[in-house]
Amino acid sequence: MTKRIFRGIVLTAIAAVLITSALTGATLYAYNVQRISAEMRTEAGYLLHALNRTEDETSFFAGFVSDNRTTLISPDGTVLYDSGAKAAELENHADRPEFQQALAEGSGSSERYSSTLAETTHYYAVRTDSGNVLRIASTQSSIIGVFLRMIPLLVIIFLAVVLLSLGIARFVARRIVAPVNELNLDQPLENDVYDELSPLLLRMERQREEIDRQMRALTDKQSELTAITENMREGLVLLNPQGVILSMNGSAAKIFDVNASHHIGEDVLSVSRNPAVREAIHDARSGKNGETILENGGRYYQLLASPVAGNGGSMGIVLLLLDTTEKYTAEISRREFSANVSHELKTPLTSISGFAEIIRDGLARPEDVKDFAGRICREADRLVALITDIMELSRLDERKELGDRERVGLRSVAEEVVSRLEEPARAKDIDLRLVGEECAVSGYSLLLGEMVYNLVDNAIKYSGTGGHVVVRTGMQGGKAVLSVTDDGIGIPREHQSRVFERFYRVDKSHSKATGGTGLGLSIVKHGAAIHEAEVELESEPGKGTCVRLIFRPAKQNG
């Protein structure tokens with residue numbers, strides 16, 4: 001308020017100065033124009049009287065001196081005399097409006113503005129008895145020029161007024177606002193200030209009384225509920241019909257990660273803006289039971305929103321939060337695992353069953369039996385690999401049979417893997433290379449071997465004929481790093497965050513052709529978690545993929 005009063009006074013003073021300056025300048029300019037015109041007419045009258053009594057008008061001006069420019073013009077427009085320049089050097093003035101008017105009417109006037117000089121020249125002409133025209137000219141600054149010349153004075157006046165108005169505005173604003181700042185809002189009717197504030201103070205008093213009444217009622221209800229709800233494991237939140245929090249027990253505060261006392265009386269959105277929560281509360285406001293699953297801090301809660309009806313309408317809403325993390329995650333894992341395993345097992349089993357039936361029923365030609373048997377073997381091998389990977393993931397999940405940690409050289413592990421995969425790489429004409437230096441980590445050698453094997457095997461499978469796969473080991477930034485880089489088909493950006501999920505395939509048709517189980521990268525991810533290592537993935541479709549495993553280096557003593 002103080003700033004508004006202060007700003008209003010200052011702006012009013014500035015506006016007054018500017019308007020006054022503009023009006024004063026315009027008035028002075030108009031007055032000056034009238035004065036010059038009168039002076040020119042007077043001087044012209046004197047000269048005309050003298051010229052009419054002189055036989056040689058040109059010689060009359062010998063030694064003539066005047067503040068105004070004086071010109072004598074013959075009836076054909078030829079300049080006979082000019083006090084400001086040589087008459088012979090001036091152009092013909094027959095086209096001048098004041099000259100033409102003087103010839104026709106006896107006298108004439110005009111003015112011409114120079115934008116270059118910001119000046120206006122006023123002309124007044126009269127016809128002599130001899131037929132010549134006497135013209136008087138006076139130049140003065142235009143109104144723009146007047147203001148330009150007034151700028152220094154205006155600036156001084158402006159600054160003086162601004163400084164004065166600042167002081168007055170500050171003094172007046174403080175005096176006006178001081179009584180308002182000193183209002184006793186706890187007892188509005190006890191204030192003796194401006195009469196204009198009386199209606200506002202009366203409304204504030206009524207509002208304060210209503211708030212006090214409601215707060216006492218809320219406090220009583222909260223006291224009754226606290227003893228019951230504070231020791232509940234489940235989260236409990238009571239809302240009024242508008243969604244304002246009336247009560248929140250400790251479990252609910254912990255779930256929402258807030259201080260319950262800080263949010264009593266606030267909208268429920270102050271503790272959670274989850275769209276699912278808002279939807280459940282909206283259902284409860286509509287008289288229906290709302291239900292949703294709320295994820296918070298890695299845990300899952302079943303949120304039940306129930307309306308409380310009474311007095312012919314809604315009296316509030318009860319939110320109950322039940323921790324269902326174990327049940328929820330177990331159910332999701334079970335469904336995903338069942339669906340994925342069923343799908344992965346069904347495909348090879350269907351092939352095995354189909355080929356076996358063809359052979360059993362004698363529908364296969366003798367020369368085709370060997371090929372069918374080979375296909376059955378390949379599908380059986382695929383089943384064995386899938387079951388082996390599933391068992392390996394289960395072992396990693398439970399962290400069983402890992403043995404003892406030991407000092408393991410990443411390059412040594414990579415050398416063994418590269419030697420095992422040289423033949424598959426050679427079959428696809430892929431250049432498989434190992435580069436870098438030895439670096440040791442603390443871990444499980446067999447598990448590290450499986451991780452590296454899966455990465456290199458994937459790189460070979462998803463690289464085209466004649467491609468390149470580079471396995472690199474070494475220290476970077478104080479950490480041990482193993483990377484596998486290929487120039488294969490790459491992974492689209494939208495799939496990169498999910499390729500480490502179990503059974504996730506970017507291109508199911510391509511994955512089937514390569515014979516993968518869809519669990520290789522999951523094993524890498526779980527293995528990295530066991531080793532407390534980071535996994536980084538960089539890939540671009542058509543340009544290849546790079547996967548890095550970043551470990552903390554092993555201590556020198558192993």
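Side chains are part of it too, since the values below use all heavy atoms of this structure and drop only hydrogens, waters and symmetry mates.
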Original post:
Between E540 and R493, does at least one N-O distance fall below 4.0 Å, as a salt bridge requires?
Top reply: no

**OP:** Verify the neighbour count for atom CZ of R278: are there more than 12 heavy atoms of other residues, nucleotides or ligands below 6.0 Å?
**Re:** yes

Original post:
Looking at I460 and A425, what are the two nearest heavy atoms and their distance?
Top reply: CD1-CB, 4.0 Å

Original post:
Could you walk me through whether D323 and R299 pass the salt bridge (Lys or Arg N to Asp or Glu O under 4.0 Å) check?
Top reply: CA-CA 8 Å; D323 191 341; R299 301 194 68 79; 3.1 Å; yes

**OP:** Determine yes or no for a side-chain-to-main-chain donor-acceptor pair under 3.5 angstrom, with S412 supplying the side chain and V408 the backbone.
**Re:** no

Subject >> Donor + acceptor pair across side chains of N259, S261 (<3.5 Å) >> reply: yes

**OP:** Would you check, one step at a time, whether the test side chain to side chain contact (heavy atoms under 4.5 Å, CB included) holds for I317 with V308?
**Re:** CA-CA 6 Å; I317 301 171; V308 179; over 6 Å; no

**OP:** Return yes when atom CG of D257 has more than 12 non-hydrogen atoms of other residues, nucleotides or ligands closer than 6.0 Å, and no otherwise.
**Re:** no

**OP:** Check whether the ring centres of F256 and H263 lie less than 6.0 Å apart, and answer yes or no.
**Re:** no

Original post:
Charged N to carboxylate O under 4.0 angstrom, E438 versus R411?
Top reply: no

**OP:** Verify the distance criterion only: is there a donor paired with an acceptor across the side chains of E279 and T292 at less than 3.5 Å?
**Re:** no

Subject >> S539: partners by side-chain hydrogen bond (donor to acceptor under 3.5 Å, both in side chains), with sequence neighbours left out >> reply: T545

**OP:** Identify whether the distance between the nearest side-chain nitrogen and carboxylate oxygen of D457 and K461 falls below 4.0 Å.
**Re:** yes

**OP:** Return yes when atom NZ of K479 has more than 12 non-hydrogen atoms of other residues, nucleotides or ligands closer than 6.0 Å, and no otherwise.
**Re:** no

**OP:** Heavy atoms only: give me the nearest M315-P241 pair and the separation to one decimal.
**Re:** O-CD, 3.5 Å

Original post:
For E234, does its backbone N or O pair with a side-chain atom of N249 as donor and acceptor, under 3.5 Å?
Top reply: yes

Subject >> Check against side chain to side chain contact (heavy atoms under 4.5 Å, CB included), I255 and Y301 >> reply: CA-CA 9 Å; I255 292 172; Y301 302 90; 3.7 Å; yes

Original post:
Should we count CZ of R433 as having more than 12 external heavy atoms under 6.0 Å?
Top reply: no

**OP:** Report, as yes or no, whether the 6.0 Å neighbourhood of atom CZ on R472 holds more than 12 heavy atoms from other residues, nucleotides or ligands.
**Re:** no

Subject >> Candidates V452, L549, L482 - the one meeting side chain to side chain contact (heavy atoms under 4.5 Å, CB included) with L410 >> reply: L482

Original post:
Closest heavy-atom contact between Y453 and V417?
Top reply: CA-CG1, 3.6 Å

Original post:
Would one find more than 12 heavy atoms of other residues, nucleotides or ligands at under 6.0 Å from atom CE of M232?
Top reply: yes

**OP:** Answer whether the closest heavy-atom distance between the side chains of P307 and K288 falls below 4.5 Å.
**Re:** no

Original post:
Is it true that atom CD of Q207 has more than 12 heavy atoms of other residues, nucleotides or ligands lying nearer than 6.0 Å?
Top reply: no

Subject >> side-chain hydrogen bond (donor to acceptor under 3.5 Å, both in side chains) partners for S419, two or more places apart >> reply: none

